[in-house]
Structure formats: C-alpha cells, structure tokens
Amino acid sequence: MQKKLRNHIEEIVSLTNHEFSFVLSHFTTNKAKKHELLIQEGKSVPYIYFVVSGLLKLIFTDESGKEHIISFAMEDWWESDFQAFYTQTKATMSLQCIEDTDVFCLSLKEYHKLCAGLQKMEHFFLKKANGGHIGSQQQILSFLTLNAKDRYEHLLKRYPSLLQRVSKTQLASYLGVSRETLSRLIT
C-alpha cells in the first residue's frame, strides 16, 4: 500500500525516504467492505481518502429519496465530501464502497500539519485540487452540452475499466438517465 501512495505522490513531487516516512506518519489506513459507508450524510467527515484498491461512489440523496451518483473513485483517486471536510460541517453526501476497498485516510488536522511540515506536499495537494476542479467543470459542461449518448461515449473513452466495475443502475445514475435509457444507449 505504501508503495502505491509514494508512486502517486511522486508523479508530482519527488520525496526522499525520510520525507516519505514523514508523509506516512500523517495517514492512517482502512480496509472497508463492499457496501460499507466511509462517509454518511448528516455526519461529520473525518477524512479525505486516497484509494489504494477498490471502488467508491459519492452519493447525493435528494428530498424524494432518489440517489444521484456524483462521482466514482477508483485506484489512485482522492475522494471525500470536500466541502464538509474542509469546513468541518455535516456531510451532504455519502461515500460508499462498491467493492472491498483499501484506503489511506488523512484528517484535516494531519493535512495541515503535513502541509506545514513539508512544502512539497502543499504543492502536491494544490496540483491535485486544481485537477479536481478542472474535472468537475468538465463534468458540469458535459451535462450542459452533451446528450446522454455522448456523455456515455465520453465516459467510455475516459474510463473504460470503470464500466466493467459498476452496475448499469449505478452508471445510469451517474449519467443522469434511467436504466432503460442507458440500455438503449449501449445496444
């Protein structure tokens, strides 16, 4: 697990063994089972998560009880209810394991200590946050400008392995269509 985290960080910044030991000292690990909630709507959000193995879905449940998948997070991705995490407010979304999942967990207190103690990590997290903002804007634009078939084809092109790992119901929720519409799109 440690090697995956180090390789991921070193895609952006290089670390000495001593620096990586310092980085590791700020994280905890968790092995979560399929269907387990790492974040539950209405509760506090203690961590941001780095996915070592497995698959997560970030879910928003509307007032009628309908579940909307905001994002998926697979290996080498970071996920959380970021607003609730950074503002230390209650979660508005839930984070659930689609598969058995291994994650590194970073609390807000440890995040601040890590960034203060190693400027390279502040740079790393800035690059990751910028990439996340760009991805979110692209997703919003795809919902505004693409029809359901084009959104599906765009997702297929960007994340082909994801489609083998999620159910059609989950995929339809993420794309904002009914399962029946998705079935028509992929036949």
Side-chain angles (χ1 to χ4, degrees), residues 1-32 34 36 38-39 45-59 69-87 93 95-143 151-166 170-171 174-175:
M1 280 181 58
Q2 294 177 4
K3 184 176 172 129
K4 283 193 172 196
L5 179 62
R6 184 169 187 165
N7 289 344
H8 177 73
I9 294 168
E10 288 189 331
E11 289 175 5
I12 297 174
V13 296
S14 61
L15 297 171
T16 66
N17 289 338
H18 178 73
E19 288 171 333
F20 184 63
S21 292
F22 177 75
V23 169
L24 265 182
S25 72
H26 294 81
F27 285 88
T28 59
T29 59
N30 186 19
K31 291 182 175 292
K34 183 177 182 177
E36 187 176 333
L38 297 178
I39 296 172
V45 179
Y47 303 111
I48 54 174
Y49 298 95
F50 172 72
V51 181
V52 176
S53 65
L55 184 62
L56 305 171
K57 64 178 178 177
L58 189 63
I59 309 158
I69 297 178
I70 305 304
S71 64
F72 295 104
M74 57 185 139
E75 293 81 7
D76 288 340
W77 290 18
W78 294 84
E79 193 60 270
S80 190
D81 179 332
F82 290 106
Q83 178 180 333
F85 175 77
Y86 286 113
T87 61
M93 298 177 275
L95 184 61
Q96 184 177 37
C97 299
I98 295 174
E99 302 170 352
D100 289 352
T101 303
D102 293 330
V103 291
F104 277 100
C105 313
L106 184 63
S107 71
L108 187 60
K109 178 181 175 184
E110 292 300 315
Y111 166 82
H112 287 300
K113 285 170 52 178
L114 178 56
C115 290
L118 187 60
Q119 190 173 11
K120 289 179 181 183
M121 289 306 294
E122 197 170 41
H123 175 73
F124 169 79
F125 285 119
L126 178 61
K127 292 280 275 188
K128 296 309 290 182
N130 288 343
H133 291 307
I134 292 166
S136 293
Q137 288 178 344
Q138 289 174 336
Q139 182 181 0
I140 292 166
L141 287 174
S142 76
F143 273 88
R151 287 196 308 271
Y152 170 76
E153 289 173 359
H154 180 72
L155 183 66
L156 181 63
K157 186 185 292 184
R158 287 186 68 196
Y159 308 111
S161 67
L162 178 65
L163 302 184
Q164 307 305 314
R165 299 171 69 182
V166 299
Q170 292 168 335
L171 186 58
Y174 177 74
L175 293 170

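Applying the side chain to side chain donor-acceptor pair (under 3.5 Å) test to K4 and every residue at least two apart in sequence or in another chain returns nothing. Take E99 and apply the side chain to side chain donor-acceptor pair (under 3.5 Å) test, not counting sequence neighbours, and it matches R165. Residues satisfying the side chain to side chain donor-acceptor pair (under 3.5 Å) test with W78, not counting sequence neighbours, are H8. Residues meeting the ring-ring contact (aromatic ring centres under 6.0 Å, His included) test with Y174, sequence neighbours left out: F72. For the side chain to side chain donor-acceptor pair (under 3.5 Å) test, no residue two or more places apart in sequence or in another chain qualifies with S107. F82 meets the ring-ring contact (aromatic ring centres under 6.0 Å, His included) test with no other residue; sequence neighbours excluded. Residues meeting the side chain to side chain contact (heavy atoms under 4.5 Å, CB included) test with T87, sequence neighbours left out: Q83, T89. The salt bridge (Lys or Arg N to Asp or Glu O under 4.0 Å) test applied to D76 returns no partner, not counting sequence neighbours. The ring-ring contact (aromatic ring centres under 6.0 Å, His included) test applied to F143 returns no partner, not counting sequence neighbours. For the salt bridge (Lys or Arg N to Asp or Glu O under 4.0 Å) test, no residue two or more places apart in sequence or in another chain qualifies with K34.
Q138 places none of its side-chain heavy atoms less than 4.5 Å from the side chain of H154. Annotation: side chain of L106 is not in contact with side chain of F85 (no heavy-atom distance under 4.5 Å). Looking at heavy atoms from C-beta onward, D81 lies out of side-chain contact with L95 at the 4.5 angstrom threshold. Using a 4.5 Å heavy-atom cutoff, the side chains of L56 and W77 are not in contact.
At least one donor-acceptor pair under 3.5 Å links the side chain of Y49 to the backbone N or O of L38. Remark: side-chain polar atoms of E10 are paired, donor with acceptor, to backbone N or O of L15 under 3.5 angstrom. Within the 3.5 Å criterion, the main-chain N or O of V51 finds no donor-acceptor partner in the side chain of E75. Of the possible donor and acceptor atoms, none in the side chain of D102 sits under 3.5 Å from a partner among the backbone N and O of V52. At distances below 3.5 Å, at least one donor-acceptor pair connects side-chain atoms of S80 with backbone N or O atoms of Y47.
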- [ ] Carefully, step by step, assess N7 and E11 under the rule side chain to side chain contact (heavy atoms under 4.5 Å, CB included).
- [x] CA-CA 6 Å; N7 289 344; E11 289 175 5; 5.7 Å; no

- [ ] Starting from the C-alpha separation in whole Å, work towards a yes-or-no answer on side chain to side chain contact (heavy atoms under 4.5 Å, CB included) for V45 and Y86.
- [x] CA-CA 9 Å; V45 179; Y86 286 113; over 6 Å; no

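Nearest heavy-atom pair across I70 and M93 is CG1-SD, 3.8 Å. Here the closest heavy-atom approach between residue E36 and residue K31 is recorded as OE1-O, 4.5 Å. Of all heavy-atom pairs spanning F104 and M1, the tightest one is CE1-O, 3.4 Å.
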Anything under 3.5 Å between a donor and an acceptor, one on a side chain of residues 119-129, the other on a protein residue two or more places apart or in another chain? List them.
| unit_1 | atom_1 | unit_2 | atom_2 | d |
| --- | --- | --- | --- | --- |
| K120 | NZ | S14 | O | 2.8 |
| K120 | NZ | E19 | OE1 | 2.9 |
| K120 | NZ | E19 | OE2 | 3.3 |

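Contacts classified as salt bridge (Lys or Arg N to Asp or Glu O under 4.0 Å) and involving residues 132-142 (residues at least two apart or in different chains) are not found.
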